[in-house]
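On a predicted model such as this, the values are computed, not experimentally measured, just so you know.
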Amino acid sequence: MGNGVVAAVNQSIDFDTASLAADHFGYEAESEEAASAATPTAAPGAPAVPGRRRHALLDLSGEDPKTLVPRAPVAAVLGHVDHGKTSILDRIRETKVAAGEAGGITQTIGAYQVERSGRPITFIDTPGHEAFTAMRARGADVTDIAVLVVAADDGVMPQTEEAIQHARSAAVPIVVALNKIDKDGANPDRVLQQLAERGIVSDQYGGDTSVVRTSAKTGEGIDDLLDVILLTADAYVEPRANPQRRAVGTVIDSHLERGRGSIATVLVQNGTLRVGDNLVAGAVFGRVRALLDDTGKRVKEAGPSTPVVVTGLSDVAVAGEIFQVMDTERAARTLAEQRQLADKRNQQQPVRRITLADLASQVTESGVKSLNLVLKADANGSLEALRGQVAKITDPTVKISVVGEGVGAVSESDVSLAAVSDAIVIGFNVKPDDRARTGADAQGVDVRFYDVVYQVTDDIERAVKGMYEPRMIEVFQGRAEVRRIFTVDGRPAIAGAHVTEGRILRSATCRVIRGTREVARSRIADLKRFKDDVREVARGYDCGITLSDFNDFAEGDLIEAYSVEQQNA
């Protein structure tokens, strides 16, 4: 109150105020964010896994080794759509989960537990690797093993490659389930070759990745898959936990349900969760009214690696948030309110991640020792050339690593991978989709585009060596979709377009995008609304656009307007 903060004993204050108060009494306060960012040590008796990002509440280094007991391994099932991820779980659980899903595609995250030879295994069925990544982005180190499902008749697909990249970024061991081997056209050897080309070498070929041939339809290989998961857990993970402490874990899914309020599926990762516990997950708190296991039966408690449905929360929790049990409801409420204040502050402050322009200063000031890249190109040949040029860059202070790569437009998944890996996205002859651009802005990811491969290596080398010079960058202004083509008095073709985003200025430079490729770049010669010349056209309006040296429009083309501005290092 002496500093002008009028707060009663039962009100929450922000961290800065609390830090000043603590300092007055001779104590040094540490924020929860700083604590969770600290690099943890490996759990006693467990091998260290480089690159894993573990939340402070999930770190076992402070536990007494005598209290740690084996727990069930947690496996996330990843892979391309319709390759049989949920069908395999369906066969394991001997239920009909897959048949009840809309269109046969997993829409939410489900967590299930099964037993094999008297040992439990917890499975997380994700609607895609994006959810897997979103949980990692919040420090939720949920998964011990990644089960990569690949259809033997379809082979490695784009989402398969992305799932491999996300599993590698999480630094978890991979087990491959080669599914649908009973179908006509199945070619397991071809799939194994495709996987080997991407660094996933089967143990049959002398590699270190276990590959199990399965059929969710007939049940072939399902028991073998469970055995391999247990063996992999014993060899690489050695999962342990302390069931005697208060529970901590991760929110897997959450939603509102009529008559029951907020429902959350949580995975207990350490300790034991009981009915009546005071729980807080992010900015949400509540008293546990009921616990239901994965079969829908009521239980009184849930130990480590057990997924349960929790009722009694004050609001819908965010998937990937860490939950913990507090001593009292008041303590849970206070912590939730503090986090609400922190969330409001974070929303007002832009996210700051590593960028190519300030890489050199960050190396000097904060000791950045690695530069992670996500590479996207328009063709395999271009990707190989880009990868080869990047591999030639060497510097004693910075290690350059490619954490993801692929062919095609920069997608939201690429941005998500870059966000959790603190990477820069390099696009070569490709452009981002709308969701990728929005995600990059929201998450502070540096996305750069080039059409000459040497420009990529030159920029990286200058940044690493502290010689990054001011450069001209493109600033997005607006986008219009070509819906009709007009020709008037033999003049060049006019694109009848509808502005879908931003605004189109008559002075703008434009690129014409067809599909995912850029087909032309020019300046606007004429911009009209009906018959009138106009200076700009805003979102939601139709217009006529004529470019100075391009007239080969096609319906469905996208015209992107941008300005060129100088960016300083």
Side-chain angles (χ1 to χ4, degrees), residues 1-44 48 52-68 137-141 241-242 244-250 269-273 277-287 314 317-318 321-354 361-369 422 444:
M1 289 184 178
N3 289 332
V5 180
V6 183
V9 68
N10 61 343
Q11 289 179 284
S12 297
I13 58 177
D14 59 47
F15 173 74
D16 293 336
T17 304
S19 179
L20 287 173
D23 183 65
H24 178 76
F25 292 100
Y27 293 91
E28 182 179 352
E30 181 181 20
S31 69
E32 185 182 47
E33 289 80 4
S36 64
T39 303
T41 55
R52 300 201 71 169
R53 181 173 181 261
R54 182 175 290 275
H55 194 282
L57 291 173
L58 303 178
D59 182 23
L60 300 180
S61 59
E63 298 280 357
D64 183 353
K66 296 179 181 179
T67 65
L68 298 178
R138 295 185 178 91
D141 197 6
N242 175 13
Q244 305 303 320
R245 56 159 292 168
R246 290 198 300 265
V248 295
T250 302
Q269 293 176 265
N270 200 11
T272 300
L273 181 63
D277 281 346
N278 298 293
L279 182 147
V280 58
V284 176
F285 71 97
R287 189 179 181 88
S314 60
V318 178
E321 287 284 9
I322 305 298
F323 78 83
Q324 62 186 114
V325 172
M326 308 296 290
D327 286 331
T328 63
E329 184 178 357
R330 177 179 174 181
R333 182 192 299 271
T334 301
L335 181 56
E337 290 175 352
Q338 291 173 352
R339 290 174 175 173
Q340 289 175 4
L341 289 173
D343 289 343
K344 290 180 180 178
R345 285 201 308 272
N346 291 336
Q347 290 174 2
Q348 297 172 355
Q349 299 174 355
V351 179
R352 182 65 173 167
R353 298 190 184 277
I354 191 168
S361 62
Q362 292 193 36
V363 170
T364 303
E365 296 171 5
S366 61
V368 175
K369 297 301 181 184
D422 205 11

Contact summary for A29 and A22, nearest pair of heavy atoms
CB-CB, 4.3 Å
Would you give the length of the straight line joining atom CD of Q324 to atom CZ of R245, rounded to the nearest 0.5 angstrom?
8.5 Å
Can you name the nearest heavy-atom pair linking F323 to L279, along with the distance?
CD1-CD1, 3.6 Å
Walk me through whether L68 and E63 qualify under side-chain contact (heavy atoms from CB on, under 4.5 Å).
CA-CA 8 Å; L68 298 178; E63 298 280 357; 3.9 Å; yes
Please say which of D277, T272, V280 ends up in a side chain to side chain contact (heavy atoms under 4.5 Å, CB included) with V325.
D277
Would you find a donor on one side and an acceptor on the other, under 3.5 Å apart, between the side chain of R339 and the backbone of G282?
yes
Could you state the interatomic distance from CG (N278) to CG (L335), rounded to the nearest 0.5 Å?
12.0 Å
Just verifying a value: how many Å separate R246 CZ and M326 CE, rounded to the nearest 0.5 Å?
7.0 Å
I'd like to know if the side chain of N270 and the backbone of A241 have a donor-acceptor N/O pair within less than 3.5 Å.
no
What are the two closest non-hydrogen atoms of A332 and F285, and how far apart are they?
O-CB, 3.8 Å
I'd like to check V284 versus E321 (side-chain heavy atoms, cut-off strictly below 4.5 Å). Are they in contact?
no
By salt bridge (Lys or Arg N to Asp or Glu O under 4.0 Å), E337 pairs with (sequence neighbours left out) none
dist S19:OG -> E28:CD (nearest 0.5 Å) comes out at 7.5 Å
